[in-house]
Amino acid sequence: MDFNLTEDQLAFRDAARAFAQKAMAPDAAQWDAEHIFPIEVIQQAGELGFCGLYTPEAQGGLGLSRLDTSVIVEELAAACPSTAAYITIHNMVSWMVSSFAQPEVADEFGPRLASGEWLGSYCLTEPGAGSDAASLRTRATREGDAYLLNGSKMFISGAGSTQLLVVMARTGSMESGAKGISAFVVPADAEGIDYAPCENKLGWNSQPTRLVTFEQVRIPARYRLGEEGEGFKFAMKGLDGGRINIATCSIGAAQAALNLAAQYVQERQQFGQPLAEFQTVQFKLADMLTELIAARQMVRLAAFKLDQADPEAAAYCAMAKRFATDVCFQVIDEALQLHGGYGYIRDYPLERYLRDARVHRILEGTNEVMRLIIARRLLKEGVLEVLN
C-alpha cells in the first residue's frame with residue numbers, strides 16, 4: 001500500500017496551491033467581510049480545469065479520480081474554505097449533468113459547466129426536508145413533453161448567481177418515498193423561479209445562499225436526468241463524493257490554521273521566551289498535527305474506496321466526513337486558542353477559518369446522520385469483516 005502522492009497528483013497539488021495563493025488568499029478576507037461571490041476567480045479556476053475535476057473528459061472535464069480531486073480541493077480550501085466549498089458543489093453539478101443527462105443535454109450544458117463559463121447550484125434540501133431528504137415535497141408533474149415544477153428549496157449555494165440548477169423533485173406519491181424522486185436540469189432563469197434574499201450566515205460568506213421557489217416552472221422532459229425515480233440514487237451518489245469534498249475543505253482549513261499557529265508560537269514571546277518553548281504548547285501542536293494527518297488519511301482512503309466502487313464506499317465516506325469535519329474544527333479552534341486574543345479579531349484569518357469550517361459538520365448530511373449511516377451499516381451481518 002503506497003501512501004505517497006503520484007507525480008501527477010503532486011503536479012495537481014502544486015498548480016492548485018499556486019492558484020489559491022495568488023488568486024484566492026489575498027482577497028479571501030474581503031470576500032468574507034463584504035459578502036462577495038468571486039465569480040471571476042471561480043471562472044479562472046475553471047480555466048485550469050478546477051470546475052470540472054471529475055467531470056468526464058468527453059464533456060470538457062479533467063476526468064480525475066476522487067482522490068486526485070481531494071488533493072486539489074485541499075489546497076483551494078487552505079486559501080478560502082468558503083469559495084473552495086462552492087467550487088466542490090459546482091463540480092458535483094457538472095459531474096451529474098455530464099454523467100446522467102441525455103447525451104444531447106449533456107453536450108449542451110456539460111462543457112459550459114466544466115469550463116466555468118456557467119456555474120451551477122444543487123437543489124436538494126427543503127424547509128421541511130433536510131436530513132430526511134427522501135421526504136421532499138417539491139413536485140414535478142408530467143404534462144405532455146414537459147414537466148411542471150412546483151415547490152421550494154432551501155440553503156442553496158450560489159442560487160441567484162448561477163446559470164443552471166440540478167433539482168430533485170417528486171414524480172411519484174409521497175408514499176413512494178425515495179423511489180418517487182427524480183432529478184432535473186433546470187435553467188436558472190426559467191420563468192416561475194423566484195430567489196429570496198441572501199441568508200445572513202455565520203460563515204461561508206463568499207457564496208450566496210438562498211431559498212429558491214418554483215411556481216409552475218415548465219421544463220422539457222428531456223431535461224430529466226436518467227429515468228423517473230432515479231433521482232434519489234443520483235443524489236446519494238453525488239453526496240458520497242460531496243462528503244469527501246467537504247471533509248477535504250475542513251482539512252485544507254485546518255492545515256492552514258496549523259501552519260499559522262506553528263509560525264505564531266515561534267514568534268510570540270511570553271515570560272521571556274517564545275511560546276514554542278513551553279511543553280504544553282508543544283504537546284498541543286503535536287496532537288493537532290496527529291489528528292490532522294489521521295483525518296487526511298481517512299478522507300483519502302474514502303476517496304480511494306469511492307474510486308474503486310467498493311461496496312462499502314458510502315460507509316467510508318460517512319466515516320471520513322464525520323471524523324474529518326469534527327477533528328479539523330477542533331484543530332482550527334486550538335490554533336485560534338494559541339493566538340490568544342489575536343485569534344479572535346479579523347486581522348488574523350483564524351476566526352474566518354473557524355466560522356467557515358463550522359457548517360461542514362452540518363451539510364452533506366449532519367454528523368449525527370453520518371453516525372446513523374455508519375451504525376446501520378456495521379450492524380449488517382458480515383459487514384464488520386470488510387470494514388477494516
Side-chain angles (χ1 to χ4, degrees), residues 1-25 41-81 83-99 106 110-117 120 237-238 240-256 258-259 292-310 313 316-317 320-321 324 328:
M1 185 179 295
D2 188 355
F3 288 92
N4 294 315
L5 297 179
T6 66
E7 289 187 9
D8 284 345
Q9 289 167 342
L10 291 171
F12 295 145
R13 182 200 66 186
D14 293 345
R17 181 178 297 174
F19 173 79
Q21 293 306 311
K22 180 180 179 180
M24 296 173 67
V41 172
I42 295 169
Q43 290 175 331
Q44 290 172 20
E47 293 173 5
L48 295 174
F50 297 163
C51 287
L53 290 168
Y54 47 94
T55 296
E57 291 181 79
Q59 305 302 334
L62 295 182
L64 299 181
S65 69
R66 299 307 177 102
L67 181 55
D68 296 338
T69 296
S70 72
V71 172
I72 292 169
V73 169
E74 181 178 334
E75 296 299 330
L76 301 181
C80 181
T83 304
Y86 170 74
I87 290 173
T88 70
I89 294 167
H90 170 84
N91 267 275
M92 183 163 59
V93 171
S94 176
W95 168 74
M96 292 183 76
V97 171
S98 295
S99 300
R112 290 177 175 179
L113 292 167
S115 68
E117 176 191 352
K237 285 176 177 283
D240 282 341
R243 287 163 184 160
I244 292 172
N245 290 341
I246 289 303
T248 302
C249 286
S250 286
I251 291 168
Q255 182 68 66
L258 178 57
N259 293 348
L292 173 58
I293 289 179
R296 178 182 288 120
Q297 295 308 323
M298 178 169 275
V299 170
R300 290 182 177 177
L301 172 62
F304 172 78
K305 294 290 187 180
L306 193 57
D307 287 331
Q308 298 297 310
D310 189 286
Y316 280 101
C317 291
K321 193 269 183 181
C328 290

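In this chain, numbering begins with 1 at the start of the sequence shown.
Applying the salt bridge (charged side-chain N to carboxylate O under 4.0 Å, His left out) rule to K237 yields no partners; only residues at least two apart in sequence or on another chain are considered. With sequence neighbours left out, the side chain to side chain donor-acceptor pair (under 3.5 Å) criterion links S115 to no other residue. Residues passing the side-chain contact (heavy atoms from CB on, under 4.5 Å) test with A45, sequence neighbours excluded: F19, F50, I87. A294 is linked by a side-chain contact (heavy atoms from CB on, under 4.5 Å) to F323, counting only residues two or more places apart in sequence or in another chain. Partners of R112 under the salt bridge (charged side-chain N to carboxylate O under 4.0 Å, His left out) rule, at least two apart in sequence or in another chain, do not exist in this structure. Among residues two or more places apart in sequence or in another chain, the ring pair (Phe, Tyr, Trp, His ring centres under 6.0 Å) test is passed with Y316 by none. Scored by the side chain to side chain donor-acceptor pair (under 3.5 Å) test, Q255 finds N259, R296 as partners (sequence neighbours excluded). The side chain to side chain donor-acceptor pair (under 3.5 Å) test applied to T83 returns S206, not counting sequence neighbours.
Under the salt bridge (charged side-chain N to carboxylate O under 4.0 Å, His left out) criterion, no residue pair touches residues 47-73, with sequence neighbours excluded. Residue pairs meeting the salt bridge (charged side-chain N to carboxylate O under 4.0 Å, His left out) criterion with at least one member in residues 5-21, sequence neighbours excluded: R17-E75.
No side-chain N or O of T55 forms a donor-acceptor pair with one of S98 less than 3.5 Å apart.
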With a cut-off of 3.5 Å and sequence neighbours excluded, list every side-chain donor-acceptor pair involving residues 240-249.
| unit_1 | atom_1 | unit_2 | atom_2 | d |
| --- | --- | --- | --- | --- |
| R243 | NE | E364 | O | 2.7 |
| R243 | NH2 | E364 | O | 3.4 |
| N245 | ND2 | Y54 | OH | 3.4 |
| N245 | ND2 | G241 | O | 3.4 |
| T248 | OG1 | I244 | O | 2.7 |

Check step by step if side chain to side chain contact (heavy atoms under 4.5 Å, CB included) holds for L292 and L258.
CA-CA 9 Å; L292 173 58; L258 178 57; 4.0 Å; yes
Walk me through whether S70 and V73 qualify under side chain to side chain contact (heavy atoms under 4.5 Å, CB included).
CA-CA 5 Å; S70 72; V73 169; 5.7 Å; no
Determine, step by step, whether K305 and L301 satisfy the side chain to side chain contact (heavy atoms under 4.5 Å, CB included) criterion, reporting the C-alpha distance in whole Å, the side-chain angles of both residues, the deciding distance to 0.1 Å, and the verdict.
CA-CA 6 Å; K305 294 290 187 180; L301 172 62; 3.9 Å; yes
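Smallest separation of non-hydrogen atoms from A78 and A256: O-CB, 3.5 Å. For the pair S94 and G52, the tightest heavy-atom approach, listed with the atom from each and the gap, is OG-CA, 4.3 Å.
Put simply, NZ on K321 and OG on S250 are 8.0 Å apart, with the number rounded to the nearest 0.5 Å. Note: Q59 CD to S99 OG = 8.5 Å, rounded to the nearest 0.5 Å. Rounded to the nearest 0.5 angstrom, I89 CD1 and Y86 OH are separated by 8.0 Å. Atoms CZ and CG, on F12 and L64 in that order, are 4.5 Å from each other to the nearest 0.5 Å. Atoms CG and CZ, from D307 and R300 in turn, are 12.5 Å apart once rounded to the nearest 0.5 Å. Rounding to the nearest 0.5 angstrom, the gap separating the CG atom in L113 from the CE atom in M92 is 12.5 Å.
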